[in-house]
Enquirer: 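Following this message is one structure expressed as structure tokens.
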Amino acid sequence: MIEAASDIAREVDYAIIVVGGICAVFFLGIVAFMLLCIFKFHHTKTTKTKQIHGNLFLEITWTVIPTILVFYMFWVGWQGFNKIRTVPDDHMVIEVVAQQWLWNLKYPEEDIQVVNNFHIPAGVPVKFKLTSLLDDVLHSFYIPAFRVKEDCVPGMNTYIWVNADMPKNGESETYNMFCAEFCGKDHAQMIGTVTVDSPAAYEKWVQSVKAEANKPVDMKLALDATSPEVQGRDGETLYKTYCVSCHGSTGMGQAETMVPNARDFTNLVGWKQGNKINNIYETLITGVPGTEMRGFTSLSPWDRFAVAHKVASFYKGSGRQKVSEAEAKALEEKYKLSAPYEPKKTLAIDQAMDLLLKEKK
Amino acid sequence: MSELAAAEHGHDHYDPEANKLGFWLFLFTELLLFGTMFIAFAMYQDMYKIEFIEGTHHQNIILGTVNTIVLLTSSLTMALAIQALRRGLKTLSIAYMAFTIVCSAGFCVIKFIEWSAKYHKGIFLLNENMDTLPKGEQVYYGLYFTMTGFHAFHVLVGALLIIWVMVAVAKGKVHAKRLSFIDNVGLFWHLVDLVWIFLFPLFYLIR
Amino acid sequence: MNPDSKNFYEVARGLTSWLFTTDHKRIGILYLICVMTFFVIAALLGITIRLELFSSNSEAGGSLLGGGEIYNRILTLHGVIMIFLFIIPAIPGVFGNFFLPIMIGAEDVSFPRINLLSWYCYIIGAALALFAILSGAIDTGWTFYVPYSAKTGANLILPLSAAYMLGWSSILTGINFIVTVHRLRAKEMKMFRMPLFVWASYATGWIQVIATPVVGITLILLLLERFLGIGIFDPTKGGDPILYQHMFWIYSHPAVYVMVLPAMGVVSEIIPTFSRKTIFGYSFIAWSTMAIAAIGSLVWAHHMFTSGMADESRILFSFLTFFVAVPSAVKIFNWLATMYKGSIHLEPPMIFGLIFVLLFSIGGFTGLMNGTLSIDIHIHDTAFVVGHFHYTMFGGVGVMFFGALLYWFPKMFGRNYNKKIIYLCGFLFFVGFNMLYGTMKWLGIQGMPRRYADYVPEYEFWNRVATVGSWVMVGGLFLMIFHLLYSVFKGSKAEDNPWEGTTLEWQTTSPPPLVNFNEPPQIPEKPYDYPEEVKS
Amino acid sequence: MSEDKSEHIMPVIGYVGIWLCLIFLTGVTVAVSFVDMQNLTLFTALFVATIKSTLVLLYFMHLRHDQPIIFYMILACLGSYAVFVILTYSDYLYR
């Protein structure tokens, strides 16, 4: 059995052992009786038969006993289920918005957003509020180590919760997280990791994510693909997380990945929202209305620039126009890129969803 | 039994009870086909009570009522056509059926008027105007067009079947001793009526 | 036996005599040819899936199909073909058609021409499905869940209309069976003298009639959603994706009983025959058949325990689900009791009957684990469910399809097969099957999600075991299919009653004449009437 | 097999009577719909529709004079349908 990393996981394992145990006993009984009959009453041993048409007492017995046992199994499952569905009051919340094919995780209390790989503190009940983008498809949030799973349904809110054990090494421990509901081409790649941290390690992680996400942007450096600030962000990996499933590893889009209408980055013709770095930057926020291209709001500004440069790098010619001063200024002002960090109010999950959709329209 | 010369069609003997039983089983599938759509209607009605009432207010209740009466009348004449044939009155039976077909045509015309009125108001499938309506109302109209569309399709099929029976009666293939065909078409027509009996209040009267 | 009586193959020859036949036996044979063909196709697709999963993509050359796109299409085709073109029509279409009328002493079904029509519906559905394969196939999984199925770029109209036509084929067969049982029983054949296979087919007929239209209209609504945007399943317009799941499973859960009940019926024939002993608790088995049909229609939402459905509803459906286990358990106990104090002949059909009892019990027991709410939250949508499903559907229905074929083979074709080869095939099948699907269950408990084209490296070892198992299993099956095909033409001539069966089909010649019986059959007081002293 | 029983033939006046009942009930249900009854609206509409459909089933579709088996079959069919509705509703009621 895989590692059980919470009380609920152990509860589920217990149920598996109880139900599986009862079943195993019955199954062995069936096999034993069958073998007994085969050997004892084989036609080479006996040609005398006893024509028994039935026995009411036996019939009732073996109707009633299984009935009682399945009631018991139901009860075991129900008890476990109640624990799985009852969230303790003093929980923290993580909002999960699934989309093809990645997980956006938002920590309203900490005011941070991450994608796919996330951390939770040990010993604190964490409630995951789940949904998919309104015009996306079904996904299912599944962490085997905690034995919990629930579908992310567009237009609906569902939840699960976990209370993770303290990591064995006292610091942090990482488990797999999967999408369990079939969601299309990269269903099998829609996986992430959950890292259970000790409180200190968790605090450290939150601070590092915050620092990353809120680093003020210097437009000059951001627009220069060769600047160390852009180079330092791993554009290659970010591209793999966000873009590769539709646009392909060579940026050829439709030609490479069978996703209809996916943009080919290797030529400059026909970009609906412009092909300059600032245009790409904005498209990464807003998506392209009427297409499968979505906005990726959980990217930090610097990371977004790194992705934009990576996308631009697929075109090898020299036809791409430079971003003018005025355009750079406009972008900076529109998204307040150079402003220092201020904690912002967080949106409720359904508001955020509606906003995301509105942005798309 | 051992007469082999009787080729395969030799098995085919007339068994009205079997025909009736078989046709009823077929009607069950029709009932459940509409029934499933009624399940969808019921669940969405529960989710979007206000929007559904709003949708109802846009229906033309007079046309709906007239249509109900037309369909009920056609049901009556169909039943009378069968009763007439059972008594051996062939011409009367055909006349009743002709009237039934007129009624079904009337029903379709009225339905068409209703749909085109909606179409001109911009309430129709694939119409961009639909996207501006509240969520529940879009579902209401989606269900309205689907369910009444399916029902109208059944009316058309029923009318064609009645024409077929009329021809068979005229040719003498269906007569007082061999009623299965007309009986079953009658059952089908009443089923179409039955479905409308529920469609009408759900789409027009829950205000 | 009347020497100049021709069997039903000989009364007419030529392609048209088959394509326009209304003889239930010939229609049964037509079905047999079709379902076998599609079984082989779908089994090959299944092998392809296993090959892709032989190694994790993180290794060099790990991906055979180049990622999810093609894998998903193959996975969907495997499901659609196996479900709609093989398992659902297999036993009712082939053996129900062939033997139901004979077993109740009738000349044919009530509506022979509609019976032929049902085969044509099947053929049209099959043609549409094949056409869908050629036009690129769909990638939604056989459940066609919205909103993905309403959004995917693949061409959905062909497979959906295929499923719709196959639904009609199934309904027409069901109607025919119900009416035939009610109207065409021979005079002394009372309801409670009918062989249990007839009972099973009757119950199946009811599920087909009541449940199939639900999925029919659901698929039509899905098509309308795609092409006319009616919004019933579209969340952006206020639709509810979970309603689709309800409507889909209202049919598709009872559909597993459409598949499994006839298989249970066949086991109820085979076990008494090869134990030379009357069935234990005839009426309990008959009633449990009807009970499964009835209760089986109430439990569909156990496919949706993690779908976001209301918690109360999950508890209710879990509770109801456990009740299906009881009549199934009653059947298994009755079969075992039938073997007790018999005189058991381990002929190939009996071996397959026992394999059924073993594999189906495992399937049923793991079904209990799926039904247990807390466990299901963990194992839902994992390889465990795939394993469970294949234990019941393949280990149950598939095995019994072949069991029925072995049992009635001499009657249908008038030929014998080589028993030793079949024993070997049975052994290979059993070993490979458990290696494949038993391993899948283990993987599921470890948390490997289903429908994954790739997996994290932890799961590699057991996936390899499963893939090797698939080779062993399919090797055994294909050997059997080829041998049976060979035996149809080259096997030695069969006797009229090689197994000393007591049901009516064994009273006629092998193969039967066109009108099924040359002399009126003797209807026994009890369907499985054996003397206390039997031949060795 | 074909035992053609001499079936009951209902007189024309009977059919017309049923038809009048149906028209009357249609009038009633339309009239009632203008009265504001809150939650009862749906219930009355369905109640009247049920009466109407029962009349159609029993008389136009001859259930009253047919073999009882068809009647039981319809009950089985409607029963399973009712179960489908109730169990599906159990989800929507609590969600």
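Below, chains carry the letters A, B, ... as their sequence lines are ordered, and counting in each starts from 1. These values consider heavy atoms only, across backbone and side chains, with no hydrogens, waters or symmetry-generated copies. Quick caveat: nothing in here was measured; it's all calculated off a predicted structure.
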Enquirer: Could you tell me which portion of A:I143 (side chain, backbone, both or neither) has an atom closer than 4.5 angstrom to a non-hydrogen atom of chain C?
Expert: neither
Enquirer: Is chain C contacted by the side chain of A:Q189, its backbone, both, or neither, given a heavy-atom distance below 4.5 Å?
Expert: side chain
Enquirer: Counting only non-hydrogen atoms closer than 4.5 Å, does A:F33 touch chain C with its backbone (N, CA, C, O), its side chain (CB onward), both, or neither?
Expert: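 When you check distances to chain C, only side chain atoms of A:F33 fall under 4.5 Å.
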Enquirer: To the closest 0.5 Å, what do you measure between CZ (A:F74) and CZ (C:F323)?
Expert: 9.5 Å
Enquirer: So, A:F182 versus C:Y452, ring centres under 6.0 angstrom or not?
Expert: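 Not close enough - the centres of the two rings lie 6.0 Å or further apart.
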Enquirer: Flag the pair A:L138 / C:Y148 as yes when at least one side-chain heavy-atom distance between them is below 4.5 Å, and no otherwise.
Expert: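 No, their side chains stay 4.5 Å or more apart.
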Enquirer: Before giving the answer on side chain to side chain donor-acceptor pair (under 3.5 Å), spell out for A:Y142 and C:H378 the whole-Å C-alpha distance, their side-chain angles and the decisive distance to 0.1 Å.
Expert: CA-CA 8 Å; A:Y142 178 35; C:H378 172 44; 3.1 Å; yes
Enquirer: Against chain C, label A:I191 side chain, backbone, both or neither, depending on which of its atoms sit under 4.5 Å from a heavy atom there.
Expert: side chain
Enquirer: Would the C:F280 and A:W62 ring centres measure less than 6.0 Å apart?
Expert: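 Close enough - the centres of the two rings lie under 6.0 Å apart.
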Enquirer: Are A:F71 and C:F319 an aromatic pair, judged by ring center distance below 6.0 Å?
Expert: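 Here the rings of A:F71 and C:F319 have centres that are less than 6.0 Å from each other.
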Enquirer: Counting only heavy atoms closer than 4.5 Å, note whether A:F26 contacts chain C via side chain, backbone, both or neither.
Expert: both
Enquirer: For A:C179, is it the side chain, the backbone, both or neither that has a heavy atom under 4.5 Å from a heavy atom of chain C?
Expert: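 For A:C179, backbone and side chain are both near chain C.
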Enquirer: Given a strict heavy-atom distance threshold of 4.5 Å, which part of A:T49 is in contact with chain C: side chain, backbone, both, or neither?
Expert: both
Enquirer: Taking the six-membered ring for Trp and the full ring for Phe, Tyr or His, determine whether the centres of C:Y282 and A:H53 are under 6.0 Å apart.
Expert: no
Enquirer: Does A:D136 have any side-chain contact (heavy atoms from CB on, under 4.5 Å) partners at least two apart in sequence or in another chain, and if so, which?
Expert: A:Q99, A:Q100, A:S132, A:L133, A:H139, A:R294
Enquirer: Would you mind checking which part of A:I22 comes under 4.5 Å of any heavy atom in chain C, side chain (CB onward), backbone (N, CA, C, O), both or neither?
Expert: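 The answer is neither part of A:I22.
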Enquirer: What about A:F41 and C:Y340, are their ring centers closer than 6.0 Å?
Expert: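 A:F41 vs C:Y340: aromatic centres under 6.0 Å.
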